[in-house]
Amino acid sequence: MREVLALLTVDGRHVGTVPPFTVDSPWWNDVEPVTAHLDAVLGVPTSVLRLVSATGSGMRDGTVTYQVELAAAPDRLSTPDPSTGARHDFPDTPLRMPWARPGGPAALVAWAERSVTRTGPAVQVKTWNLSCLYRLPTDSGHVWAKEFPSFMADEAEVIALVAAVDPALVPQVLAAEPRRLLMAESPGADCWHPAPEVITDIVPRWVAVQAALAGPARLRVRGVDVPAFGLPHTLLHGDFHPGNWRSGGTVLDWGDAHWGHPALDAARLIDFAPAETRPLIERTWAEAWRRHRPDSDPERALDHARSAVHLVGALVYQEFLDNIEESERVYHAGDPERELALAQSRAVRTSSR
């Protein structure tokens with residue numbers, strides 16, 4: 001459960017508020033229920049620009065204050081009272097994301113509409129310092145418009161690398177430009193609790209792509225390595241957890257992609273996967289690599305990657321913190337330190353074996 005306070009703005013100027021309300025989804029960046037409530041109460045389309053403050057922790061629960069943009073000034077709101085000091089300014093900062101500025105969400109939707117014809121309202125599904133995501137209905141089904149920061153990998157470029165080997169493993173790209181992506185909807189549901197048949201489908205296919213792409217780096221290198229044990233450096237998803245899978249066999253969210261040892265992706269997956277699925281994941285991943293590299297020792301590589309993946313995590317989270325505005329750092333505060341502590345703990349366990 002999340003309590004929402006909405007600071008309503010038109011052209012960046014605070015115009016009022018509505019009574020606080022709650023939404024069932026606890027996740028701060030899940031804004032679809034927020035705008036659904038505000039659209040109904042105010043009678044005009046709304047979009048969340050950015051998080052202003054939050055209580056709670058772990059990106060969920062508590063009370064969250066958002067700056068919300070209105071398409072037009074409605075009659076049904078509580079106007080700010082100057083005598084009580086109920087006034088809010090929103091000074092710009094160089095680190096503010098384009099979609100978090102006035103007009104940013106509308107610009108993303110307008111860009112998408114240059115490639116598709118919308119048949120209903122565009123729905124803002126997610127927004128935070130790492131992306132803004134809209135779902136648009138069309139005659140041929142939903143499409144997804146995404147904007148992301150310049151410090152993350154170019155998703156269209158990464159998807160093209162993967163699609164050259166296994167086009168069904170990635171979403172279909174309908175349009176792209178720097179920091180923007182328009183995708184067809186991927187079939188199936190999110191896989192936070194992946195069924196065995198989904199694991200045994202996606203994991204070997206991803207290993208086959210990595211084996212095919214192995215070689216000199218074609219993307220950034222994070223600088224964290226794992227002893228080879230017969231496995232090559234290749235493309236890494238970077239955030240290969242099952243929440244980024246679709247049950248239809250597609251993998252989403254390629255912004256953390258980089259070049260490195262493939263056991264890092266496996267370790268990330270195992271960290272996130274439900275405990276009961278981990279033995280199947282480890283076995284499926286190791287067997288897949290032995291088919292491509294018979295002389296390799298995937299299990300020993302994975303032992304080392306269990307700690308190294310948290311060093312990668314510390315680097316990634318610090319990059320987030322260095323590149324996002326102050327109010328949104330609450331999403332990642334303390335994450336680099338937690339990752340370093342986990343890396344040390346896992347390293348001790350590996351060395352004691």
Side-chain angles (χ1 to χ4, degrees), residues 125-126 130-131 133 135 141-148 152-174 176 180-214 218-220 222 231 233-274 277-278 280-282 284-289 291-292 298 302 305 309 312-313 316:
V125 176
K126 177 189 289 188
L130 300 182
S131 67
L133 186 67
R135 185 178 64 244
H142 287 111
V143 300
W144 295 79
K146 182 177 184 179
E147 191 163 2
F148 47 90
M152 301 194 78
D154 184 325
E155 290 202 44
E157 176 187 353
V158 179
I159 288 171
L161 285 174
V162 178
V165 181
D166 185 348
L169 193 63
V170 287
Q172 179 189 1
V173 175
L174 304 176
R180 284 177 175 165
L181 191 64
L182 184 66
M183 301 167 285
E185 186 160 53
S186 296
D190 292 338
C191 293
W192 286 107
H193 294 85
E197 60 270 21
V198 175
I199 293 169
T200 55
D201 171 39
I202 289 180
V203 171
R205 289 170 60 208
W206 177 227
V207 168
V209 169
Q210 290 182 305
L213 295 176
R218 291 189 247 178
L219 288 179
R220 60 188 170 181
R222 289 288 188 191
L231 298 181
H233 277 206
T234 185
L235 175 65
L236 305 186
H237 181 280
D239 198 18
F240 193 60
H241 63 70
N244 283 332
W245 300 0
R246 299 285 285 174
S247 59
T250 303
V251 179
L252 306 174
D253 289 343
W254 294 87
D256 288 310
H258 59 286
W259 214 261
H261 195 289
L264 293 168
D265 266 357
R268 179 73 168 170
L269 170 57
I270 290 164
D271 261 1
F272 271 84
T277 66
R278 291 172 188 170
L280 175 62
I281 291 169
E282 293 184 31
T284 302
W285 178 80
E287 290 173 353
W289 267 113
R291 285 194 294 273
H292 292 279
L302 182 56
V309 72
V312 175
V316 169

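Since this is a predicted model, take the numbers as computed values, not measurements.
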Legend entry - Non-hydrogen side-chain atoms of Leu302 and Trp285 separated by less than 4.5 Å: yes
Inset, instruction - Working to the nearest 0.5 Å, report the span between OG of Ser247 and NE2 of His193. - result: 14.5 Å
Inset, instruction - Check whether any side-chain heavy atom of Leu213 lies under 4.5 Å from a side-chain heavy atom of Val165, and answer yes or no. - result: yes
Inset, instruction - Spell out, as yes or no, whether a donor-acceptor pair under 3.5 Å connects the side chain of Thr277 to the backbone of Pro274. - result: yes
Inset, instruction - To the nearest 0.5 angstrom, please state how far the CD1 atom of Ile159 sits from the CH2 atom of Trp254. - result: 8.0 Å
Inset, instruction - Give the minimum heavy-atom separation between Ala163 and Val170, together with the two atoms involved. - result: CB-CG2, 3.9 Å
Inset, instruction - Work out which heavy atom in Ala184 is nearest to a heavy atom in Pro171; give both atom names and the distance. - result: O-CB, 4.4 Å
Legend entry - Side-chain (Arg220) to main-chain (Ala257) donor-acceptor, under 3.5 angstrom: yes
Inset, instruction - Determine, step by step, whether Trp144 and Leu252 satisfy the side-chain contact (heavy atoms from CB on, under 4.5 Å) criterion, reporting the C-alpha distance in whole Å, the side-chain angles of both residues, the deciding distance to 0.1 Å, and the verdict. - result: CA-CA 11 Å; Trp144 295 79; Leu252 306 174; over 6 Å; no
Legend entry - Arg180 backbone acceptor or donor facing Glu147 side chain under 3.5 Å: no
Legend entry - SG on Cys191 to CD1 on Ile199, rounded to 0.5 Å: 9.0 Å
Legend entry - Geometric class of the His237/Trp206 ring pair [parallel <30°, tilted 30-60°, perpendicular >60°]: perpendicular
Legend entry - Flag side-chain contact, heavy atom, 4.5 Å: Glu287 against Pro204: no
Legend entry - Distance in Å, Leu264 CG paired with Leu236 CG, rounded so as to fall on 0.5 Å steps: 6.0 Å
Legend entry - Spatial distance of atom CG (Leu280) from atom OG1 (Thr200) [nearest 0.5 Å]: 6.5 Å
Inset, instruction - Give a yes or no answer on whether the side chain of Arg278 reaches the backbone of Ala273 with a donor-acceptor pair at less than 3.5 Å. - result: yes
Inset, instruction - Using modelled atom types only, decide if a donor and an acceptor are shared between the side chain of Asp256 and the backbone of Met152 within a distance under 3.5 Å. - result: no
Inset, instruction - Please examine the side chains of Ile202 and Thr250, heavy atoms only from C-beta on, and report whether any two atoms are closer than 4.5 Å. - result: no
Inset, instruction - Please check if the side chain of Arg268 supplies one atom and the backbone of Gly313 the other of a donor-acceptor pair under 3.5 Å. - result: no
Inset, instruction - Measure the NZ-NZ distance between Lys146 and Lys126 for me, rounded to the nearest 0.5 Å. - result: 7.0 Å
Inset, instruction - Quick one: sort the His241 and Phe272 rings into parallel, tilted or perpendicular, breaks at 30° and 60°. - result: parallel
Inset, instruction - Assess whether side-chain contact (heavy atoms from CB on, under 4.5 Å) is satisfied between Leu161 and Arg218, documenting all intermediate values. - result: CA-CA 9 Å; Leu161 285 174; Arg218 291 189 247 178; 3.5 Å; yes
Inset, instruction - List the atom of Pro298, the atom of Ala286, and the distance in Å for their closest heavy-atom pair. - result: CG-O, 3.6 Å
Inset, instruction - Would you check if Trp245 and Trp192 make a side-chain contact, meaning some heavy-atom pair closer than 4.5 Å? - result: no
Inset, instruction - Ignoring hydrogens and angles, tell me if any N or O in the side chain of Asn244 forms a donor-acceptor pair with the backbone of Asp239 under 3.5 Å. - result: yes
Inset, instruction - Considering non-hydrogen atoms only, spot the tightest contact between Ala305 and Ala267 and give its length. - result: O-CB, 3.6 Å
Legend entry - Leu182 vs Val173 side-chain heavy atoms within contact, under 4.5 Å: no
Inset, instruction - Could you tell me which non-hydrogen atom of Gly249 sits nearest to which non-hydrogen atom of Leu169, and how far apart they are? - result: O-CD1, 3.5 Å
Legend entry - Side-chain heavy atoms of Val162 within contact of Val251, under 4.5 Å: no
Inset, instruction - Please name the pair of heavy atoms, one in Phe240 and one in Leu269, separated by the smallest distance, quoted to 0.1 Å. - result: O-CB, 3.2 Å
Inset, instruction - Examine distances only and state if a side-chain atom of Thr234 and a backbone atom of Gln210 form a donor-acceptor pair shorter than 3.5 Å. - result: yes
Legend entry - Close side-chain approach of His292 and Val207, heavy atoms under 4.5 Å: yes
